[in-house]
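Count residues from 1 along the sequence.
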Amino acid sequence: MSNGVSLLRDERGGAHVLLFGLMAVIFSVALFVVSLDWMLQSANKTKTKLVLDRAAHAAAINIDPMEAAYGRLVWDQAAGTADFYKYLHMNMRLDSQGKPQTGSYLTEAPVVHMLQFVSAPSYPVVLHQSVVVRAGTAEETVRNVDVTVYGPSVIAVVEVHHRVTGTGRVEPIVLSSVASVRFR
């Protein structure tokens, strides 16, 4: 019993134990902050992807009825674009200028890089698109987007921004969506 009590009262090496304990706590807090930021970014990415899919679907259902009567799928660009922005603004809680309102999960206005109707002579087709993020700045980056199209479709590519926790830095996230005009 005296050996156990003497070990507890022995203070040699106490600073080392304290230092290693402090380093473990700092590492744990840093790991927690990075994990939390990654989870928030993933949640924002998932929300945005679902909203983008809904908006692209709303755009894709606008086909010209006169052309459809002859068996041709022709996208009504004006109505499709209007519906795309309508649903994008409603679901992301954006005002009429595209800026986030109170209650929106976005910190900055999203950037729509592409919204177009695509058809090809044969399917499936893989389309490659390069998107320039932060154009004209020192942080300019090119992101490549590859989408597979299985029929006449509307393709949308949108950039949203995520504020990185603790740094104040804003990270761009580029997402794409494909909505088929022909529903199977």
Side-chain angles (χ1 to χ4, degrees), residues 37-68 70-100 104-164 169-184:
D37 185 57
W38 181 79
M39 288 186 289
L40 290 172
Q41 182 178 2
S42 296
N44 284 343
K45 185 177 174 182
T46 301
K47 281 184 205 176
T48 304
K49 178 66 171 142
L50 293 172
V51 168
L52 182 60
D53 288 344
R54 289 183 193 120
H57 174 74
I61 61 175
N62 289 290
I63 59 171
D64 185 353
M66 295 303 288
E67 292 291 330
Y70 293 106
R72 296 184 292 260
L73 292 175
V74 177
W75 185 51
D76 184 353
Q77 185 174 0
T81 302
D83 279 351
F84 175 80
Y85 281 104
K86 174 184 171 186
Y87 282 93
L88 193 72
H89 286 198
M90 276 194 315
N91 290 325
M92 287 186 176
R93 294 187 181 139
L94 306 174
D95 62 12
S96 59
Q97 285 80 34
K99 295 190 176 18
S104 176
Y105 64 93
L106 296 176
T107 57
E108 295 181 17
V111 179
V112 178
H113 289 284
M114 181 175 75
L115 177 64
Q116 69 180 31
F117 176 75
V118 175
S119 65
S122 64
Y123 297 101
V125 174
V126 178
L127 298 172
H128 307 283
Q129 179 73 30
S130 293
V131 175
V132 179
V133 178
R134 296 179 177 152
T137 66
E139 298 174 339
E140 181 175 310
T141 307
V142 176
R143 304 273 172 97
N144 295 317
V145 179
D146 296 330
V147 293
T148 304
V149 178
Y150 294 98
S153 302
V154 172
I155 298 175
V157 177
V158 175
E159 170 191 344
V160 294
H161 302 94
H162 170 74
R163 188 167 306 284
V164 179
R169 195 170 47 90
V170 176
E171 180 69 26
I173 301 171
V174 178
L175 297 169
S176 64
S177 180
V178 177
S180 180
V181 172
R182 187 175 54 189
F183 306 108
R184 300 173 201 228

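- Annotation for M66: atom CE does not count as buried by contact number, only 12 or fewer foreign heavy atoms lying within 6.0 Å.
- Taking each heavy atom of A59 and W75 in turn, the nearest pair found is O-NE1, 2.7 Å.
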Which is it for H162 and D37 under the side-chain contact (heavy atoms from CB on, under 4.5 Å) test, yes or no, and what are the steps along the way? CA-CA 10 Å; H162 170 74; D37 185 57; 3.1 Å; yes
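- In this structure, S177 OG and H57 NE2 are separated by 10.5 Å, a value rounded to the nearest 0.5 Å.
- Closest of all the heavy-atom pairs between Y87 and A55 is CB-CA, 4.0 Å.
- Closest approach of Y123 to S119, counting heavy atoms only: OH-CA, 3.2 Å.
- Side chains of M92 and V160 form a contact here, defined as non-hydrogen atoms less than 4.5 Å apart.
- With sequence neighbours left out, the salt bridge (charged side-chain N to carboxylate O under 4.0 Å, His left out) criterion links R93 to no other residue.
- Taken to the nearest 0.5 Å, the CG atom of D76 stands 11.5 Å off from the CD1 atom of I61.
- The shortest non-hydrogen separation linking T107 to P100 is C-CG, 4.0 Å.
- For E171 and R143, the salt-bridge test passes: some basic side-chain N is under 4.0 Å from an acidic carboxylate O.
- When side chains are defined from C-beta on, H161 counts as touching V111, because their heavy atoms get closer than 4.5 Å.
- Taken to the nearest 0.5 Å, the NE2 atom of H113 stands 12.0 Å off from the OG atom of S176.
- Nearest approach of P110 to V158, heavy atoms of both residues: CB-CG1, 4.0 Å.
- Looking at I155 and L127, their side chains come closer than 4.5 Å, going by heavy atoms from C-beta outward.
- Using a 4.5 Å cut-off on side-chain heavy atoms (C-beta onward), T148 and V178 make no contact.
- K49 is linked by a salt bridge (charged side-chain N to carboxylate O under 4.0 Å, His left out) to D53, counting only residues two or more places apart in sequence or in another chain.
- The neighbour count for Y105 OH, taken as heavy atoms of other residues, nucleotides or ligands under 6.0 Å away, is above 12.
- With values rounded to the nearest 0.5 angstrom, T48 atom OG1 is found 6.0 Å from L175 atom CG.
- Nearest heavy atoms, H128 versus V126: CE1-CG1, 3.8 Å.
- The neighbour count for E108 CD, taken as heavy atoms of other residues, nucleotides or ligands under 6.0 Å away, is above 12.
- Side-chain contact between F84 and L52: present, with at least one pair of heavy atoms (C-beta onward) separated by less than 4.5 Å.
- Note: D95 CG to H89 NE2 = 8.0 Å, rounded to the nearest 0.5 Å.
- In this structure, T81 OG1 and L115 CG are separated by 5.0 Å, a value rounded to the nearest 0.5 Å.
- Contact of the R72 side chain with the D64 side chain is not registered, since no non-hydrogen atoms from C-beta on lie closer than 4.5 Å.
- Side-chain atoms of E140 come within 3.5 Å of backbone N or O of G136 as a donor-acceptor pair.
- In terms of the side chain to side chain donor-acceptor pair (under 3.5 Å) criterion, N91 has no residue partners (sequence neighbours excluded).
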